[in-house]
Amino acid sequence: MNKVKVRFAPSPTGPLHIGGARSALFNYLYALKTGGDLVLRIEDTDLERSRREYEEEIVTSLRWLGLSWQEGIDTGGANGPYRQTERLDTYRRYTEQLLAEDKAYPCYCSEEELEAERQELLAAGELVRYSGKCRTLSAEEIAVRAAQGIKPAIRFQVPDSKEFVVDDLVRGRVVFHSDNEGDFIIVKSDGIPTYNFAVVIDDSLMGITHIVRAEEHLSNTPRQLMIYQALGLAIPQFAHISLILGEDRQKMSKRHGATSLIQYREMGYLPDALFNFLSLLGWSPEGEEEILKPEEIAAAFSLERVSKSPAVFNLEKLNWINQQYIKKLESTELLSMVQPYLAASEHCQEFEAYDRSKQLLIIETIRDQMVCLKDIKQLIDIFFIEAEADDEARELLATGSAEGVFDQFAAGYPEADAPGEIKAFLKKLVKDNKLKPKDVYMPLRCALTGQMHGPDLPNMISIWGRDECLRRLNQARK
RNA sequence: GGCCCCUUGGUCAAGCGGUCAAGACACCGCCCUUUCACGGCGGUAACGGGGGUUCGAGUCCCCCAGGGGUCACCA
């Protein structure tokens, strides 16, 4: 068995989206599992839409997710260049070969002309495919058009009545008939190859053994098979993974909210959590545990367990997974990861005024409520805002039943006020006054925070310390 | 419309002829508890429809329906 070599080949026409990331991830996992290599190639033959900054963003996104590759755009390798626009000479050689062997021909049809034909066929309910008009152009006719300065596209001549079968690793055997395909363009009139042509040459020349890509490419596969055959190139194995759908069961697109990886990074999803979540979309491990580290996923991965049906992107599950990862973080780690999000808070300076141990205590006090890192911004508010008591809290305070407790709280506030000491202190207040715990806690909570609900009270008291607590208490009693 | 793919709870998804049809998220309830969360325990909820094959079908075959993809000088 030869060494496995897979590739991820995005077009730099936008940021890396969830679907692309999942394709990249499956390739990465397959390479890792089989001890193979991963190639990152950039398919930038769409001159109009491709942009270098997107290419950079894609690389950044992939690295952030935790992927790495052996060959590619930024790492180099023996099969470069890895940007298609830098491989034009190579494509040209193969184009000439096909032309010389009469397996391709120049097409002088204008786009308007083609569009009109397409509409006609569509309206007539007939098979929509190129008529083959230019297939039989004589040398003279070609010369005339060339003399007029018309730049031709090059079309691949589709063989008649042949079957093309894909033995897909996830879908099984899929058969296509060549009669359903019209002669398709392999080189645009500007000399740039189209996707279906370039992809075959590159995959072949780069020694790709397995093509793992999204299902939307399944129907492109017969065209690619024709080119492999015409050029006498070895055909790799295919594995078409199902699409990721939005909540409305349509293919994920911008209108489904956050769809680029960068957006998830910005919201404070952890790369390992997203890695984990994405791996569970269309694949499942054998065991029941779903929270798995990248290494564990790679070790368990196999194409046999990849699902054929499309998966709906479920944000709630992602949130839960992210929460699990946040929970596992050391407080010190979490504190440093949260820094950029803290900077966005209006209470950033106040937070930083606390010493490190108190900062860590704040983090520990609210971490269980954090779904993603950006949540820190709202979660720390309660420590700093001076909001008026809400209705519920005001009502409870209005009974005045806890005035005695408040006095004792102020008078007996302990010298050492770590959470443990505060807890003991509150317990003593409960006991001394023969009250129920909640008759001590709730009034204090309302007085100090103005709300009936919030994080652990002893922790909050400890964080504020004596002076701030008494200040808030007095404020509330006015 | 042609071609192709898909179809187990709301969502992800196990199952690869014989199970009371796993598990996770979400939801609901109970417990823990000063509250909200967290956590623990429990619960509601599914094989798209119709024909076959078989002693036996979610699992195999056919038809239909629904969903999706693709038919570009985009990838």
Side-chain angles (χ1 to χ4, degrees), chain A residues 9-13 43-46 48-50 84 107 109-111 114-115 118 121-129 151-155 166 168 170-172 174-177 179-182 184-196 198-199 214-223 240 242-243 245 247 249-251 277 280-291 304-305 307-321 323 327 366-370 392 426 430 436-446 449 451-458:
Chain A
S11 290
T13 54
E43 309 211 327
D44 58 346
T45 53
D46 185 341
E48 291 284 302
R49 297 192 299 148
S50 295
Q84 289 187 324
C107 170
C109 298
S110 69
E111 293 193 50
L114 292 169
E115 183 56 27
R118 240 193 315 273
L121 289 170
L122 206 59
E126 287 185 53
L127 193 56
V128 180
R129 43 122 120 120
K151 292 248 188 283
I154 306 296
R155 280 188 192 269
V166 185
D168 195 278
V170 348
R171 258 142 240 289
V174 184
V175 181
F176 297 89
H177 296 87
D179 293 343
N180 291 316
E181 311 280 346
F184 56 92
I185 290 175
I186 54 174
V187 182
K188 304 179 234 179
S189 52
D190 61 1
I192 307 293
T194 58
Y195 163 73
N196 281 119
V199 76
E215 193 196 334
E216 54 188 324
H217 289 297
L218 182 55
S219 43
N220 276 320
T221 311
R223 287 192 279 273
H240 287 95
S242 59
L243 262 18
L245 275 24
E247 302 281 356
R249 299 210 136 264
Q250 302 285 307
K251 187 172 150 185
F277 173 68
L280 260 19
L281 244 32
W283 172 81
S284 62
E286 283 189 52
E288 288 190 348
E289 186 53 53
E290 290 193 329
I291 302 294
E304 288 75 59
R305 293 189 67 84
S307 160
K308 297 193 219 198
S309 47
V312 172
F313 183 91
N314 184 204
L315 187 62
E316 279 174 341
K317 180 108 179 205
L318 204 214
N319 283 340
W320 176 78
I321 291 179
Q323 211 169 4
K327 211 168 292 178
I366 56 174
R367 65 182 299 158
D368 283 346
Q369 293 172 67
M370 224 187 275
E392 278 184 308
L426 295 185
V430 169
K436 282 186 283 203
K438 95 173 168 190
D439 294 324
V440 169
Y441 276 84
M442 290 316 287
L444 271 173
R445 174 181 292 283
C446 290
T449 71
Q451 294 170 38
M452 294 282 279
H453 312 296
D456 184 78
L457 190 61

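In the text below, chain A, chain B and the rest are named by the order of the sequence lines, each starting its count at 1. Scope of the values below: all heavy atoms of this structure, side chains included, with no hydrogens, waters or symmetry mates.
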Quick check on RNA chain B: between A:Glu215 and A:Ala9, whose nearest nucleotide comes earlier from the 5' end?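 The 5'-side residue here is A:Glu215.
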Do the side-chain N or O atoms of [X] get closer than 4.0 angstrom to the phosphate oxygens (OP1, OP2) of [N]?
X	N	answer
A:Lys308	B:C6	yes
A:Arg249	B:C12	yes
A:Arg305	B:G15	yes
A:Lys188	B:C74	yes
A:Ser284	B:A14	yes
A:Lys251	B:C5	no

(request) Taking A:Arg445 for its side chain and A:Asp456 for its backbone only, find out whether a donor-acceptor pair lies under 3.5 Å. (result)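 It does not hold such a pair.
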- Task: Mind checking A:Cys109 for me? I need base, sugar-phosphate or nothing, with any heavy atom below 4.0 Å counting as a touch.
- Result: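 It contacts base atoms.
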Contact class for A:Val440 (heavy atom, under 4.0 Å): base, sugar-phosphate, or nothing?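 Counting heavy atoms under 4.0 Å across all strands, no contact is made by A:Val440.
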Exercise. Taking any strand in view, what nucleotide pairs with B:C3 in a Watson-Crick or G-U wobble way, both distances under 3.5 Å?
Worked result: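 The base-pairing partner of B:C3, which may sit in any strand shown, is B:G69.
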- Less than 3.5 Å between a donor and an acceptor, one on the side chain of A:Asn314 and one on the base of B:A26, is that the case here?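 Side chain to base: no pair below 3.5 Å.
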Any donor-acceptor pair under 3.5 Å between the side chain of A:Glu290 and the base of B:G23?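 Indeed, a donor on one side and an acceptor on the other fall under 3.5 Å apart.
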request  = Would you check if A:Tyr441 stacks with the base of B:U34, given a 5.5 Å centroid limit and a 30° plane limit, both strict?
outcome  =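 Whether judged by distance or by angle, A:Tyr441 passes, so it stacks on the base of B:U34.
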Take atom CZ of A:Arg445 and atom C1' of B:C36, then tell me their distance rounded to the nearest Å.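 A:Arg445 atom CZ is separated from B:C36 atom C1' by 8 Å.
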